[in-house]
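A quick write-up on the structure given underneath.
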Amino acid sequence: MTNYADFHRRSIQDRDGFWTEQAALIDWHKPYEQVCDYSKPPFATWFKGGETNLCHNAVDRHLKDRADQNALIFVSTETNTEKAYSFRELHAEVQRMAAILKAQGVAKGDRVLIYMPMIAEAAFAMLACVRIGAIHSVVFGGFASHSLASRIEDAQPKVIISADAGMRGGKVVPYKHLLDEAISLSSHKPAKVLMVNRGLADLAPVAGRDVDYAAERAQVMDTVVPCEWVASDHPSYILYTSGTTGKPKGVQRDTAGYTVALAASMKHIYMGNPGEAYFSTSDIGWVVGHSYIIYGPLINGMATIMYEGLPIRPDAGIWWSLVEKYKVSVMFSAPTAARVLKKQDPAYLTKYDLSSLKALFLAGEPLDEPTASWIGGALNKPIIDNYWQTETGWPIMAICNGVEKAPTKFGSPGKAVYGYDVKLIDENTGAEITEPNQKGVIAVEGPLPPGCLQTVWGDDARYVKTYWSSIPGKVMYSTFDWGVKDADGYFYILGRTDDVINVAGHRLGTREIEESISSHPNVAEVAVVGVADQLKGQVAVAFAVLKDPSQADTPEAALKLEGAIMRVVDDQLGAVARPARVRFVSVLPKTRSGKLLRRAIQAVCEGRDPGDLTTMEDPAALQQVKDSVAR
Ligand code: AMP
């Protein structure tokens with residue numbers, strides 16, 4: 001077996017040779033001429049001159065060997081539906097969806113926004129887009145109209161694909177009114193809206209704009225839509241993510257680099273084999289859903305499970321019953337889900353035959369030691385933490401057991417993954433920290449490996465300014481995470497350096513939540529911080545200064561106003577962004593130059609020392625925060 005240190009070293013020192021080998025894992029229509037063009041740093045073009053297609057690699061190329069094997073297994077414990085699609089059936093459905101999109105005028109390079117629950121049609125839609133060279137932008141179904149509107153505005157989709165409703169915990173979550181509201185808020189209007197009718201909620205069709213999926217599908221049952229071969233750097237999708245400003249950034253992914261990176265990760269990190277089943281419990285609205293519900297497993301010829309529902313409904317054994325039934329070999333989830341299961345009867349974890357399962361991968365937020373030991377012990381399976389971001393599309397840190405078996409260390413997502421030249425940097429001087437166990441900013445030397453973001457959609461300058469300009473004196477990619485590395489090369493993640501918070505593995509920008517709360521007529525000023533939470537890792541807590549404090553002068557009135565402010569966030573951004581508490585204060589802690597002291601507020605909320613406050617404008621402000629938390 002290869003030595004991992006050598007494998008990693010080669011990926012950096014013989015970059016082209018290394019990635020040439022990985023590129024052989026996928027099909028090419030036209031071979032590339034150059035492995036990596038890094039003549040215009042920090043912009044990297046991978047596999048320049050080549051042509052391929054993501055859908056071909058995920059679906060068509062498996063028809064030869066595994067046409068009748070499961071490709072997509074859709075399970076909804078909300079509607080009690082279960083349907084498995086073979087590669088042949090998936091191929092047919094994707095072509096139908098592609099034919100519908102073409103009939104609506106969608107062509108190569110056009111954007112298609114997908115605002116859908118976890119249903120099979122959402123997978124058909126994503127695959128259909130990349131099949132015809134259209135660029136999809138999936139927006140998480142839990143987002144509400146303002147979040148959706150800003151994404152419509154930025155991506156300018158020709159067509160939006162949606163459904164009448166999602167379901168969660170037995171409750172119908174209607175989508176259509178949120179979508180209509182978002183379209184009315186956006187200055188860009190899609191030409192068509194393709195609606196999948198699940199029969200759960202009112203569709204309220206808009207004449208001339210809305211198109212019924214079932215009716216259109218019936219017209220194109222046998223239509224053949226070949227894959228459109230696209231250049232390696234043709235964008236495959238845009239996925240919006242939160243940052244430090246209120247405006248979400250569109251992470252733009254290429255085609256060939258992404259396909260190669262995912263294929264390689266399935267082999268070296270996740271160790272899934274063609275013909276086996278992969279179960280990722282994420283949602284297509286997040287990056288894990290893109291990479292490891294849809295593309296990664298399918299590229300690797302694996303069946304992928306798409307699950308709509310809660311992990312504890314009808315009972316806490318549901319996921320493990322699916323592992324048994326479909327002989328899942330690789331499972332991927334988030335620490336929050338493990339913490340949810342920890343509160344249930346552990347007997348559910350041993351009730352089913354899990355012999356097919358090789359490992360459970362957890363990512364998206366810090367994995368605490370008690371949770372990792374509990375679930376590892378209860379399942380008697382390896383638990384593998386891996387660290388990455390929407391921007392990178394696949395892990396930056398992991399244990400690459402497919403290359404060389406290595407032990408895990410509790411609290412660590414492992415070592416730098418091949419292709420990533422990770423360094424810890426002193427935030428003030430920009431110098432590399434080489435001493436073990438010293439805290440620094442986690443940064444990556446360019447070029448980023450294949451599969452990472454190409455740029456910010458429509459805004460190259462923002463890409464350079466946001467990601468490549470924060471390390472003093474160097475052009476390096478910043479992850480905006482703090483970390484330390486031990487003497488064995490294992491990293492530990494110590495939280496964000498910016499104002500991004502992580503609630504149950506979902507990234508939220510505190511600025512976005514602050515902007516939303518500020519739109520409440522009685523809010524003069526607000527600060528939102530992430531506060532440690534036993535279940536969700538972090539929750540958002542808001543501190544608001546009121547225009548009319550008399551509206552919150554009794555505990556009942558304060559509670560009512562808190563509820564009203566939470567509803568504003570629900571309506572604009574969605575319940576995912578709703579703060580756990582809204583506290584009222586008469587002044588916010590700021591520096592004398594007027595900068596909000598979010599880190600000091602956060603420290604006080606978590607009972608920690610707020611640090612050096614010599615530059616603080618009004619020291620009484622922090623006391624108010626303290627008192628409001630104690631109330
Ligand atoms: P997102 O882009 O929403 O996936 O969020 C990425 C951020 O989540 C990272 O920058 C980290 O702050 C955090 N994160 C992701 N995976 C891990 C992990 N395994 N351990 C600790 N933090 C993580």
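Order of listing sets the numbers, starting from 1, for every ligand and every atom in it.
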### Message
Any nitrogen or oxygen of R496 lying under 3.5 Å from a nitrogen or oxygen in ligand 1? Just yes or no.
### Response
yes
#### Entry: Close N or O approach (T241, ligand 1; < 3.5 Å)
no
### Message
Angle between ring planes, F332 versus Y278, binned at 30° and 60°: parallel, tilted or perpendicular?
### Response
tilted
### Query
Cation over ring, R151 on F143, under 6.0 Å and within 45°?
yes
### Task
Enumerate the atoms of ligand 1 whose separation from the nearest heavy atom of G364 is less than 4.0 angstrom.
8 (O), 13 (C), 14 (N), 15 (C), 16 (N), 17 (C), 23 (C)
### Message
Would the distance check show the side chain of T510 and the main-chain N or O of D499 forming a donor-acceptor pair, the cut-off being under 3.5 Å?
### Response
yes
#### Entry: Flag, side chain of D283 to backbone of W286, donor-acceptor distance under 3.5 Å
no
### Message
Check this for me - ligand 1, H506, N or O atoms closer than 3.5 angstrom, yes or no?
### Response
no
### Task
Could you walk me through whether D233 and T255 pass side-chain contact (heavy atoms from CB on, under 4.5 Å), step by step?
CA-CA 6 Å; D233 64 349; T255 295; over 6 Å; no
### Task
Enumerate the atoms of ligand 1 whose separation from the nearest heavy atom of N386 is less than 4.0 angstrom.
16 (N), 18 (C), 19 (N)
### Task
Using a 4.0 Å heavy-atom cut-off, say whether T390 meets ligand 1 through its side chain, its backbone, both or neither.
both
### Query
Any donor and acceptor pair, going by atom type alone, linking the side chain of T455 with main-chain N or O of W457 inside 3.5 Å?
no
### Task
Closest by any non-hydrogen atom to atom 11 (C) of ligand 1: pick that one out of I501, D481, I396, I493.
D481
### Message
Quick check: G505 and ligand 1, any N/O pair under 3.5 Å apart?
### Response
no
### Query
If you round to the nearest 0.5 Å, how far is CG of L367 from CZ of R339?
8.0 Å
### Task
Please identify which atoms of ligand 1 are closer than 4.0 Å to at least one heavy atom of N502.
8 (O), 13 (C)
### Query
Which is closest to atom 6 (C) of ligand 1 by heavy-atom distance: F480, W388, Y492?
W388
#### Entry: Neighbour count above 12 (heavy atom, 6.0 Å) for K267 NZ
no
### Query
Which atoms of ligand 1 have any heavy atom of D385 under 4.0 Å away?
18 (C), 19 (N)
### Message
Any side-chain to backbone donor/acceptor pair from H290 onto I284? Under 3.5 Å, distance only.
### Response
yes
### Query
Relative to ligand 1, is W286 under 4.0 angstrom through side chain, backbone, both or neither, heavy atoms considered?
neither
### Task
Would you mind checking which non-hydrogen protein atom is closest to atom 5 (O) of ligand 1, with the distance to 0.1 Å?
R507 NE, 3.6 Å
### Query
Which residue supplies the protein heavy atom nearest to atom 20 (N) of ligand 1, what is that atom called, and how far is it?
E365 O, 3.4 Å
